[in-house]
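For reference, the structure discussed in these notes is given below.
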Amino acid sequence: MKETRYIKAINEALHEEMARDETVFIIGEDVGAPGGAFGGTRGLLQAFGERRVRDTPISESAIVGLALGAAMKGLRPVVEIMFADFLPVCMDQIVNQIAKTRFMFGGQFTAPLVIRAPGGAGLNAGPQHSQSLEAWFAHIPGLKVVMPATPADAKGLLKSAIRDDDPVLFLEHKALYATSGAIPEEEYLVPIGKADVRRTGRDVTIVTASRMVYQTLEAAETLAGQGTDAEVIDLRSLTPLDKDAIFKSVEKTSRLVIAHEAVKSFGIGAEIAAMISEEMIDVLDAPIARVGAPFSPVPFSQEGDYLPNASDIVRAVEKVMTY
Amino acid sequence: MKETRYIKAINEALHEEMARDETVFIIGEDVGAPGGAFGGTRGLLQAFGERRVRDTPISESAIVGLALGAAMKGLRPVVEIMFADFLPVCMDQIVNQIAKTRFMFGGQFTAPLVIRAPGGAGLNAGPQHSQSLEAWFAHIPGLKVVMPATPADAKGLLKSAIRDDDPVLFLEHKALYATSGAIPEEEYLVPIGKADVRRTGRDVTIVTASRMVYQTLEAAETLAGQGTDAEVIDLRSLTPLDKDAIFKSVEKTSRLVIAHEAVKSFGIGAEIAAMISEEMIDVLDAPIARVGAPFSPVPFSQEGDYLPNASDIVRAVEKVMTY
Amino acid sequence: MNKPQKSTPAASSKAAPKPSNTAAAGAIPNDDGFLELHYSMLRVRRVEERLLQVFSEGKIPGFIHVSIGQEAVATGVCSCLTPADTIFTTHRGHGHTLAKGMELKPFMAEIYGRANGACHGNSGSMHVASSEAGVGGANGIVGAGLPISLGSAFASAFKGEDSVTAVFFGDGASNQGTFHESMNLAALWNLPLIFVCENNGWAQFTSQKSYMKIDSIARRAEGYGMPGVTVDGDDVLQVREGMRAAVARARAGNGPTLLECKTYRWFGHYAGDPQKYRPANDLEQTRKVDCIANFEKFLIGSGLADRGQLDAVDAGLRAEIDEAIAHAEAAPAAPRGQFLNDVYA
Amino acid sequence: MNKPQKSTPAASSKAAPKPSNTAAAGAIPNDDGFLELHYSMLRVRRVEERLLQVFSEGKIPGFIHVSIGQEAVATGVCSCLTPADTIFTTHRGHGHTLAKGMELKPFMAEIYGRANGACHGNSGSMHVASSEAGVGGANGIVGAGLPISLGSAFASAFKGEDSVTAVFFGDGASNQGTFHESMNLAALWNLPLIFVCENNGWAQFTSQKSYMKIDSIARRAEGYGMPGVTVDGDDVLQVREGMRAAVARARAGNGPTLLECKTYRWFGHYAGDPQKYRPANDLEQTRKVDCIANFEKFLIGSGLADRGQLDAVDAGLRAEIDEAIAHAEAAPAAPRGQFLNDVYA
Ligand SMILES: Cc1ncc(C[n+]2csc(CCOP(=O)(O)OP(=O)(O)O)c2C)c(N)n1
Ligand SMILES: Cc1ncc(C[n+]2csc(CCOP(=O)(O)OP(=O)(O)O)c2C)c(N)n1
Ligand SMILES: [Mg+2]
Ligand SMILES: [Mg+2]
């Protein structure tokens, strides 16, 4: 194992997959010599040349559409969209074209491509550079959606995403880029569609993903001090969703809290709560609780006030435990 | 009361509000002489002239952006987007600009505008002309989201939407355009944010909206024949969501089914199920059940196979009743 | 199938008619693939006429958009392409798709929404595609094919192949942001891509002067550093000539061209459109220009064909179409839930 | 505030410097608003220099983009506008916003993220706006201001007012689809709108030749039937002249103009950008062109001002800025949950 930063792990995955597969290429704004706005594509131009590392104009629809057309012809594009907030700029290409390519053409053409985009707040980047929009994409059949929390997952999932025959939206978290974690020295893959139990526990299941994994683990420590043993499930993928992992945990704990950074209403927590309320309500010993952002755009200077945090999770668990 | 078609009710609302308020104008593709792709703007050009009824190029981002700029300067634009499936084409303007205008500018500018767009399947229009994407917009703070099921609501809600000081996404259903219903002769408004109990019942609450209201009422009749008395709640608005109406009903029936045409996963049913599982789980006598479309784009010729229908709702209620 | 006498070899019967320089010498002197052009145009016309008929009989779900009157564009453009080349088309794509060489049976079965359609009945008229024939798909979102076509052209260059891509779009579509972004990127990267603007003067129910101030879309090419050419889209030879030059440029690695083909929309926007918005005389004027009748006159006048020969081609086409329709109508609907198999790999 | 001697009347102290024809006759002969131009440019520069400083001290959350070196564009353009006119700007919008007449205190407090900022601290540098000064907002999405500006111009025409709108955007932004759609619609409807392309040769970390094949963006105007003009964006008088003509055209109901102002980006994309991607000599070359130093030379050379006078203006500005900074730094953070009040009416 080696200590590696999240952004570096992503960069390693790109290096390795480009070396492994001649059909992989990189496309996006400032991905060439500058190495990407956050450094994700650093060194790729030097290593693989201009043919495979393509700096583009500021034309997100063209970039993403180009990736689709190239994928239909057998290449494996990895697109970088600088902020996940810009995905709406090229939403038609993602949702009406890429997600539906295999379906619309009856499998004659497919779209094996990856779109990387950093979401989330934490840098005081304001309402148009801080959103968590994953719930939208999880609602769209034809896409796979992944949101890694750790450097190890970021690398292993990105490698899997590039090898996947379906289009994968790879949602990074910009506030995690600078964080570090241990990753294997040797080559490895993390399968898409498998959650990870970050902490085992018996009293309550907390389902989370991306940056909120850390707040959840912090909350779990606090809770442990209070005698509550929380199990923390990091979803890692939203599509496919690892229902089994969630169900198995709730079966054990009989209590469920879901925590995410996105706006709570109509967020991904709703789907998880709904699934349990449909299929496992009888095992629940308490109401489900969701932790998410209030119904507001992300404020610039008041992020601390706005963002859900470990205390919010602790409070939600306390509510569920004392029910 | 007078029997009126859904599309005609919309048209009447536009006529009345344009006559009432000089600042209201219509903008969209083919909204002038042709009267809109589905007839929603028929006669408006003749009645109000080219100044207030504006046919545009096929440039959805420009259309919607123009509406925003005009609204910021005190006008009240009503935009027609020909199919809700084209909202992704102008998603940035809707989500990053319109929804956030009041917030980003601290109330110095506001966005009192309406975007009308027909969603839903039923015309065999295929994967890019049949989607129900309302869950996306309900997740976005700053927007109001409305989806009327009846001609009376279509008219009353559209008039309210035009008078609203916030931006309203007005989601019509193209398969309802030709349906008829009674609407008041005199002027009236239907408030945004209030659900309607379409059928009272004691045994189970079925929450639904838009075209699925009819399938639900049909299912309720079948169920009545089987001795199950269903209460049918037509949400009408998603933002604001009438939590009270849902809660009151579930309090009474202790059983909840949610039915919508959109893809079930991460659809609006998830939020409603989650709310109940958070705040009212103890009153439930059975698991919640959701009815929605399978995880697939809308197929062209197999709509009947794909779309959730009255039998699906009956089956879901039966499951919930026999629990 | 009853192809013109000088048919291409069996192996490429699915392929587009080849440009003359690659075609075998024919029976008729000076035949620069003329009979194949005629065949292709007439095939599109007869297919769409038949589609209008069966549509009006309620046999086709959803809606369809025909390109009758515009056959010279589809044919002239695709006559310069090989099966290794790719096209992307629009909601009004039947002609392009057939001219590119798609087999009629999977085409028809798709429009009928049958399980044995090219797209398993998932898509219908608006999304017909054929990987075999190099048809990257019709598209229901105006302007959305343009960015996708970039990728196809990019892939050719990336792989070092000399294949090219052509993307069809309407005059209306030329006001979508995707047009702009795609033109700029294609010019910048010298992509082997031909932008074929099929300017039929209408976008749905609105005529061109209502949505743009300029009348020639080719004028826009200059703003990207790309050549822009306008041809008479009702003259298949002019279209072919314009396209040949553009393809040669692209194959030689010299980048994209905007080829505007001016033509007329003979029918409504969609089948069944009552066209109340359309001035009566506009329709009349429009129909005066018939690319096929004109071309037949030329063929007969130059002694390249006689009426009887052309009629035989027509009869052959009708038989082929009957067969494809019968095939589609006899085909089973998709089995329950089949569509779910096409969502993910 | 320490405005130039020939300051505009108190009532319009918030307004942009007025074009000379509306200004009172000044003390200095032949002063066509020159001192006000100088004042405006220097104000932008001093504010941004100060912002860079406090940003590097960690006092400002998030990130900021400065326009130092480009002040002649903001000033030349806004000098032709009145408070009734509206501008829309970009992530690099401080200069435009100030030149349009926004008060410094709410501006600064917003950038500091304070409750008494113009946008209640919800937004910061990237979304500063002022309804009072006719600043429809900076925008964090490249190209997104263009469609919005259409509506502002449309509203002027709709209401029968002779106000105009100007929208600033970068050379990079000119490749977004929104540019195209907006240019076409504005030309088609003859909107009173001026498209101001601030071409500083860079889009983030990439230089212009990497994202477009043409070097003058004004060439694109022709494709919409709109006049396109390129001026030296480092010469405030040239900018003003170009803008005056465009504004006159717009006010007279003759429609939009694309005004391209060529300039240089003196600093990195954002404050703190190490600019490793930038050739060393590019930066050196860039800084040789200083719109303010040049204009001061001209003022002094023509006897319109002397050094002492200009220094006094500078001193006044510094004092004003100190005050605004102190105001922002002393202001309280927003109370808990306050932002929720701005989501809905
Ligand atoms: C993004 C989008 N906007 C609007 C439509 C509706 N629509 C379908 S075809 C069409 C007109 C297209 O005109 P043009 O590009 O000239 O093609 P033509 O129909 O003339 O072949 C419109 C407005 C659509 N399908 N997609
Ligand atoms: C849609 C979108 N894509 C990308 C970005 C990231 N970004 C911010 S500024 C910028 C460069 C803009 O260049 P230009 O338009 O020339 O303006 P300048 O910064 O030179 O003033 C980029 C790529 C963004 N904010 N929005
Ligand atoms: Mg057309
Ligand atoms: Mg720039």
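So that the names make sense, note that chain A is the first sequence line, chain B the second, and so on, each numbered from 1.
Of residues 326-342 of chain D, those residues lying under 4.5 Å from chain B by any heavy-atom pair are D:F339, D:D342. For a heavy-atom cut-off of 4.5 Å, chain D lies close to no residue in residues 33-40 of chain B. Residue-level contacts of residues 158-168 of chain B with chain D, in order of numbering, are B:D165, B:D166; threshold 4.5 Å between heavy atoms.
Sorted by first and then second residue, the salt bridge (charged side-chain N to carboxylate O under 4.0 Å, His left out) pairs involving residues 142-164 of chain D (not counting sequence neighbours) form an empty list.
You'll find the side chain of B:K73 reaches within 4.5 Å of the side chain of D:S163, heavy atoms only. Between B:T56 and D:W189 there is a side-chain heavy-atom pair separated by less than 4.5 Å. With contacts defined as side-chain heavy-atom distances shorter than 4.5 Å, the pair D:E181/B:P57 does not qualify. Proximity of B:Q108 to D:S130: side-chain heavy atoms (C-beta onward) are separated by under 4.5 Å at one or more points. You'll find the side chain of D:Y344 reaches within 4.5 Å of the side chain of B:T239, heavy atoms only.
Residue-environment remark: CZ (B:R76) exceeds the threshold of 12 foreign heavy atoms within 6.0 Å.
Using a 4.5 Å cut-off between heavy atoms, B:I27 contacts chain D through its side chain alone, with no backbone atom that close. With a 4.5 angstrom heavy-atom cutoff, B:F105 touches chain D via backbone and side-chain atoms both. Residue D:V135 touches chain B through its backbone alone, counting heavy-atom pairs closer than 4.5 Å. Contacts of B:L113 with chain D are absent, with no heavy-atom separation under 4.5 Å from either backbone or side chain.
Of all the listed residues (B:R51, B:K144, B:E22), the one sharing the greatest number of non-hydrogen pairs under 4.5 Å with chain D is B:R51. Residue with the most contacts toward chain B among D:L185, D:V128, D:L191, D:L146: D:L185 (heavy-atom pairs, distance under 4.5 Å). Counting heavy-atom pairs under 4.5 Å between each of D:L188, D:N139, D:N184 and chain B puts D:N139 at the top. Chain D forms more heavy-atom pairs under 4.5 Å with one residue of B:E60, B:K100, B:R102, B:M72 than with any other, namely B:R102. Annotation: maximal heavy-atom pairing with chain B below 4.5 Å, among D:S123, D:S152, D:A155, D:A186, occurs at D:S152. Most heavy-atom pairs under 4.5 Å with chain B, from the set D:V343, D:T165, D:I148, D:L150: that is D:I148. With chain D as the partner, the residue from B:A71, B:P141, B:P112, B:A111 showing the most heavy-atom pairs under 4.5 Å is B:P141.
Between the side chain of B:Q93 and the backbone N or O of D:P147, no donor-acceptor pair lies under 3.5 Å. Judged by distance alone, the side chain of B:Q97 and the main-chain N or O of D:A144 form no donor-acceptor pair under 3.5 Å.
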Check the pair B:R52 / D:F158 against side-chain contact (heavy atoms from CB on, under 4.5 Å), numbers first and verdict last.
CA-CA 8 Å; B:R52 294 180 64 198; D:F158 186 92; 3.6 Å; yes

Worked check of side-chain contact (heavy atoms from CB on, under 4.5 Å) between B:S61 and D:H180:
CA-CA 10 Å; B:S61 293; D:H180 178 66; over 6 Å; no

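The minimum heavy-atom distance between D:S182 and B:A62, with the atom names listed, is N-CB, 4.4 Å.
Between D:F154 and B:F25, a ring centre-to-centre spacing shorter than 6.0 Å is recorded.
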